[in-house]
Every structure is written in C-alpha cells, then in structure tokens.
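The next block holds one structure in the form of structure tokens; read it before the comments.
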Protein chains: 2
Amino acid sequence: MAERKLPGRNHDHAACMADALRRAERLCYERGAQLTPIRRRVLELIWTDHRPYGAYELLEKLQAERGRVAPPTIYRALDFLLVHGLIHRIESLNAFVGCPRPSDCSAGQFFICDGCGVTAEIADKALAQRIDGAALELGFTVSQRIVEIRGHCRRCHLPEQDEAPVL
Amino acid sequence: MAERKLPGRNHDHAACMADALRRAERLCYERGAQLTPIRRRVLELIWTDHRPYGAYELLEKLQAERGRVAPPTIYRALDFLLVHGLIHRIESLNAFVGCPRPSDCSAGQFFICDGCGVTAEIADKALAQRIDGAALELGFTVSQRIVEIRGHCRRCHLPEQDEAPVL
DNA sequence: GCCGGAGCGTTACAATATAACATCCGCTCT
DNA sequence: AGAGCGGATGTTATATTGTAACGCTCCGGC
Ligand SMILES: [Zn+2]
Ligand SMILES: [Zn+2]
Ligand SMILES: [Zn+2]
Ligand SMILES: [Zn+2]
C-alpha cells in the first residue's frame, strides 16, 4: 500500500531535508562513494521541496552561487545521485526528485501534482508484482518499472482550470 | 490481464498495419476529424513496426519523400494523432508508438524491449484500479497514468550485455 | 464576395542532454 | 621524490528534442 504521503500542512521540511542529507551521507560512506561538495549541494537543491527540478533549473541555482557552471557539471552530479538511488528521474517531466528511501527504492511509483508540483513516491509491492505478472505472461524480462501518475493533490484539486504548472 | 502480446514469429504485420490504418480512418470519420495525407503518412510511418519512433526520425523519413519539412509539421501531426488516441507517447524514450486500440486506450501500459525496441501495450484494468486505489489513499485525483516497463522481450533475453538499443 | 477556421509552410529559437578533451588532485608503486 | 593512475571537475562545442510566432491557402457558410 501507500507507504508515504503527500507532505501535509504540518510537514517539518527542515527536518525532512536534514534526514535526507544524513541518509545520503551514510549511504555514500557505506559504499565508499564520494558525496563531494557539488554532489551534496545538488542534492540539497533538489530537496528544497518535494517537487521535481529540471537540470537547467538546478544549473541556474548553482551558477548563482558559484559563477560559471556548465551543463556537464550538473548532469554528472545527477548521474551520480541517480546511480546511488538518492534521486529519481521523472521521465514525463525531464526532472529529478529526491528519493525518501534510497536503500530500498527499486519499486517506486510517483504521484505528481500538475498544480503545485508536489510529488509523492510510494512503494506498492503488490502493484509491482502485478506488473511483473503481466510481464511474465508476455515473456518479458523487467529491468525497470516507470510508474508516473499525473493529476492533482488534495490542495490543488479544483474544478480543473487550465494552469501554468509551477513545475 | 494482458490483452495484447508481443508480436511473434508468425505476426502478419502487413495486415496489422492495414487494420490500424482502417481503424484510424474510421475513427476520424466518426469524429469528423481530418486524417490528412501528412497525418496519415506519419501514422503509417509509426506503424512501420512495433517500436517507438522519435519525432526527428519521422521527420527524416518524411523529408526523404517530400523535400524540406520542418519540425512543426511533424509535431502538429503527432499532436493530432495523440489527441485522437491513435498513437501514444513513450515518455522514457521521447518517442511515439501506434495504439492498437484507439477507441479504448485510457489505461494503457507499455512493455518496451531495450534490445529490439518492440513495444507492447496492454490494458490491465486491475492494475489501473490498484493505482487509483493508492491515489485515493493519498487524496490524489488522477488525470493520467504513465506506466512504462523497460526490459527485454523473449527474443532479446540474453545475459544482459551492454547494448546499443535499436531505438 | 467576404469571413473564419483548419491545415500547413517557414523562420527562428528554447529546452534538454552529451561528446570530447583538458586539468587537477590525491593515491600508490617504485 | 618522481612516475603513473583513476576519479572528479572544468571547458568548449554540439546534438537532440520541442515551440513560438507569423503568414498563406483553401474551403465552406453567409
Ligand atoms: Zn519534506
Ligand atoms: Zn498540488
Ligand atoms: Zn504488427
Ligand atoms: Zn526485443
């Protein structure tokens, strides 16, 4: 079932982000991976809130702090964070979101609000299994399950006006 | 359950494609939509086989037949075909694949072979419902379900060498 | 005839992503 | 110490994907 929720009114995001950074440091330490200043800072920027950030959005923020930074710098940091499961790529947005559970995130599913951008990751094992079952029937070997559910969170659930998404 | 299969050894693709074109013509006729020569040709190109085609790949083919064609031409045709459900966009590939069931494809799920590119669309209602159930728990209103399963079809199911995907 | 909308041509550009090569720095081996 | 190596980053240029904006044509209704 749903194992995580959309961050609500009383969400302590400062703590949420601090936790995420601590988990990242720990995980990198355990793996002997280097969470360098740039990589760490990109991860922090992504954890600014719970919405996906585009590479060039992150690039601008990094440039604001450090002067000229070229695209490869960002993409390399993102690659590192992706490889270690610290972030996920949202394919339908070309954007990246922090993973709240880097150690066990092989079966994540994303709910993305097209109003405010807030994105929740859940890990519904039964859903993943149902997908694997369908794959089996097809004789298909699964290597990656991309599940991105677009819609509106409770706060943004209005009579569907056209919107300029905050994304 | 799985309602469609990966096209097998005895798949008569000429007939498969002819059917798809007939369905498209019929559906456009019923809706008073114009399946113009360009739109029809783009649809045919997409149905060349069962793998997703990128916009610029289609553009090149169209240019080969008609001389200079600019990107907006392709994207406009793709928009039309998408709006009418005749094709789907594969977000994780920035590419487009024909819909085998244009009249009833709100809940499609895609299995995409990273070896040969072959893509199968199934319509597992229970899977869609499970997603909607999780959404309900989150207080989330679903508008689009993106389910793209990457992996290997039976024919391409080898001991996982690195590959230059045909995609 | 005139208008209005759909379709398409054309130009320019925006947004996203990568290739290729250079530099730096810390480490190990000798 | 000096050579050599690998990982991280800097730098430049370019590839790939997608849109904005404007104008022309055709066709059907009035
Ligand atoms: Zn938070
Ligand atoms: Zn929202
Ligand atoms: Zn076929
Ligand atoms: Zn295959």
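Reminder, nothing fancy here: chain letters follow the sequence lines and each chain counts from 1.
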Nearest to the side chain of [X], which nucleotide is it out of [options]?
X	options	value
B:P72	D:dT12, C:dT10, C:dC8	C:dT10
A:A70	D:dT12, C:dA20, C:dC8	D:dT12
B:Y75	D:dG10, D:dT19, C:dT10	D:dT19
B:A55	C:dG7, D:dT9, D:dG18	D:dG18
B:T36	C:dT16, C:dC8, D:dT19	C:dC8

Would you classify [X] as touching base, sugar-phosphate or nothing, given that sugar-phosphate means primed atoms plus P, OP1 and OP2, and contacts are heavy atoms under 4.0 Å?
X	result
A:R68	nothing
A:R89	sugar-phosphate
B:R76	base

For A:I74 and D:dA8, what is the distance between atoms CD1 and C1' respectively, to the nearest whole Å?
->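 After rounding, the gap between these two atoms is 15 Å.
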
Taking atom C1' of C:dC8 as reference, at what distance in whole Å does atom CG of B:D79 sit?
-> 14 Å

Answer with yes or no whether B:R66 presents, from its side chain, a donor or acceptor under 3.5 Å of a partner atom in the base of C:dG9.
->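 There is none.
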
Exam field: side chain A:H13 to backbone A:W47, donor-acceptor pair closer than 3.5 Å = yes

What closest approach, in Å, do B:S92 and A:I146 show between heavy atoms, and which atom pair accounts for it?
->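 Reported closest heavy-atom pair: CB-CD1, 3.5 Å.
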
Is the ring of A:Y56 stacked on the base of C:dT16, with centres less than 5.5 Å apart and planes under 30° off?
->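 The base of C:dT16 is stacked with A:Y56 (centres under 5.5 Å, planes under 30°).
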
